[in-house]
There are 2 protein chains.
Amino acid sequence: MKIGELARATGANIETIRYYERIGLLPEPDRTAANYRSYGAAHRARLIFIRHSRELGFTIEEIRSLLDLSDHPERDCAEADRIATGHLEQVEAKIAQLTTLRDELGRIVGRCRGGLAGDCRVIEALADHALCEGSHA
Amino acid sequence: MKIGELARATGANIETIRYYERIGLLPEPDRTAANYRSYGAAHRARLIFIRHSRELGFTIEEIRSLLDLSDHPERDCAEADRIATGHLEQVEAKIAQLTTLRDELGRIVGRCRGGLAGDCRVIEALADHALCEGSHA
DNA sequence: TCTTGACCCCGTAGTTGCTACAGGCTCCAT
DNA sequence: ATGGAGCCTGTAGCAACTACGGGGTCAAGA
């Protein structure tokens, strides 16, 4: 299949596919006489693996390691579990951080009663460093 | 105060302070005879505003607007509220997205029982596109 | 007085993961 | 033969910094 078909088959966009090839994540495919890239089922599977991993938030380097394991089925899969677990922890940390952030934002937004910027509680809250250090009694 | 002191006073790092100046977020300070930047209380307050806003996840452009309002107390603060509310919605959307992601990751991580990569459920799950399309009965 | 080390200056390039050109080729249908 | 869709390459842009190289300045200690 040509690059456009592969893009449609996987949901990746064409520029992204070429990008993955450039950084060595997706192997260089054969070329047609007209120098068009020609992909097979293995490429499609690999790209699906990559896209799915990206959707789960794995970095390119993590995906590189995961693909490497996938290419060497005789290795120990502890590394895969370590990567996934570590990533899960990061996601959980990010959720916790965003939740705190949401609460603080909620407090700020709730304060605005309209009127002039000079009296705006939103702007005041942002200027007031104390607010982000726990003194919101 | 010199740039290093300002950095310590605000928690921003020196390169970041120069960056904010370069993009016009922080006004150019006076210079000493030796061409060192010399900051006053107004700079410190503005930088605290910026850092606090960044910690809350506002983009540079949003902060530019918020600072602009802060510089013009006679304007209507509806814009500040609009920015903050919009941002809050984005944070909530991000939390929801990450939560879904965490659940899917949790399912994947829980599957690994050690052993060879060839049998690894983590790698399998990433390769299996069906998993991310709702078929996790 | 000299030197050492901490601090400051500037400009540019690197980071992550793409995305968007510009300028040109190929292929297929009409 | 012509038009448009699709492909090619290489490079530049995005956000928000961060890091680096190569240099100037300043205060304290030997």
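Naming: A, B, ... by sequence-line order, numbering from 1 per chain.
In the set D:dC26, C:dC27, C:dC8, the nucleotide with an atom closest to the side chain of A:Ala34 is C:dC27.
Taking for each of A:Tyr36 and A:Tyr20 the nucleotide of DNA chain C with the nearest heavy atom, the 5'-most of the two is the partner of A:Tyr20. Nearest-nucleotide positions on DNA chain C for A:Arg22 and A:Thr32 put A:Arg22 closer to the 5' end.
Between A:Asn35 and C:dC25 there is no side-chain polar atom (N or O) within less than 4.0 angstrom of OP1 or OP2. The phosphate of D:dA15 has neither OP1 nor OP2 within less than 4.0 Å of any side-chain N or O from B:Thr59. Contact annotation: A:Arg31 reaches the phosphate of D:dT9 (side-chain N/O to OP1 or OP2, under 4.0 Å). Using a 4.0 Å cut-off, some side-chain N or O of A:Arg18 falls inside it from OP1 or OP2 of D:dC8. Side-chain N/O atoms of B:Arg37 include none lying less than 4.0 angstrom from OP1 or OP2 on C:dC8. B:Arg51 has a side-chain polar atom (N or O) that falls below the 4.0 Å cut-off from OP1 or OP2 of D:dC17.
To the nearest angstrom, C1' of C:dC10 lies 17 Å from OH of B:Tyr19. The distance between atom CD1 of A:Ile14 and atom C1' of D:dG6, rounded to the nearest whole Å, is 8 Å. Note: CG (B:Asn13) to P (C:dC7) measures 14 Å, nearest angstrom. For the pair B:Glu28 CD and C:dC9 C1', the interatomic distance rounds to 14 Å; values are reported in whole Å. Distance CD1 (A:Ile23) to P (D:dG10): 16 Å, rounded to an integer number of Å. Between B:Ile50 atom CD1 and D:dA16 atom C1' the separation is 13 Å, expressed in whole Å. As a whole-Å value, the separation of B:Glu15 CD from C:dC9 P is 10 Å. Summarising the geometry, the separation between CG on B:Leu47 and P on D:dC17 is reported as 11 Å, rounded to the nearest angstrom.
Looking at heavy atoms from C-beta onward, A:Ile50 lies out of side-chain contact with A:Glu55 at the 4.5 angstrom threshold.
Residues forming a side-chain hydrogen bond (donor to acceptor under 3.5 Å, both in side chains) with A:Arg54 (at least two apart in sequence, or on another chain): none. Shown here are the salt bridge (charged side-chain N to carboxylate O under 4.0 Å, His left out) partners of B:Asp103, two or more places apart in sequence or in another chain: there are none.
A:Arg51 and A:Tyr20 form a side-chain donor-acceptor contact under 3.5 Å, judged by distance and modelled atom types alone.
Environment of CD in B:Glu74: crowded, with over 12 heavy atoms of neighbouring residues, nucleotides or ligands closer than 6.0 Å.
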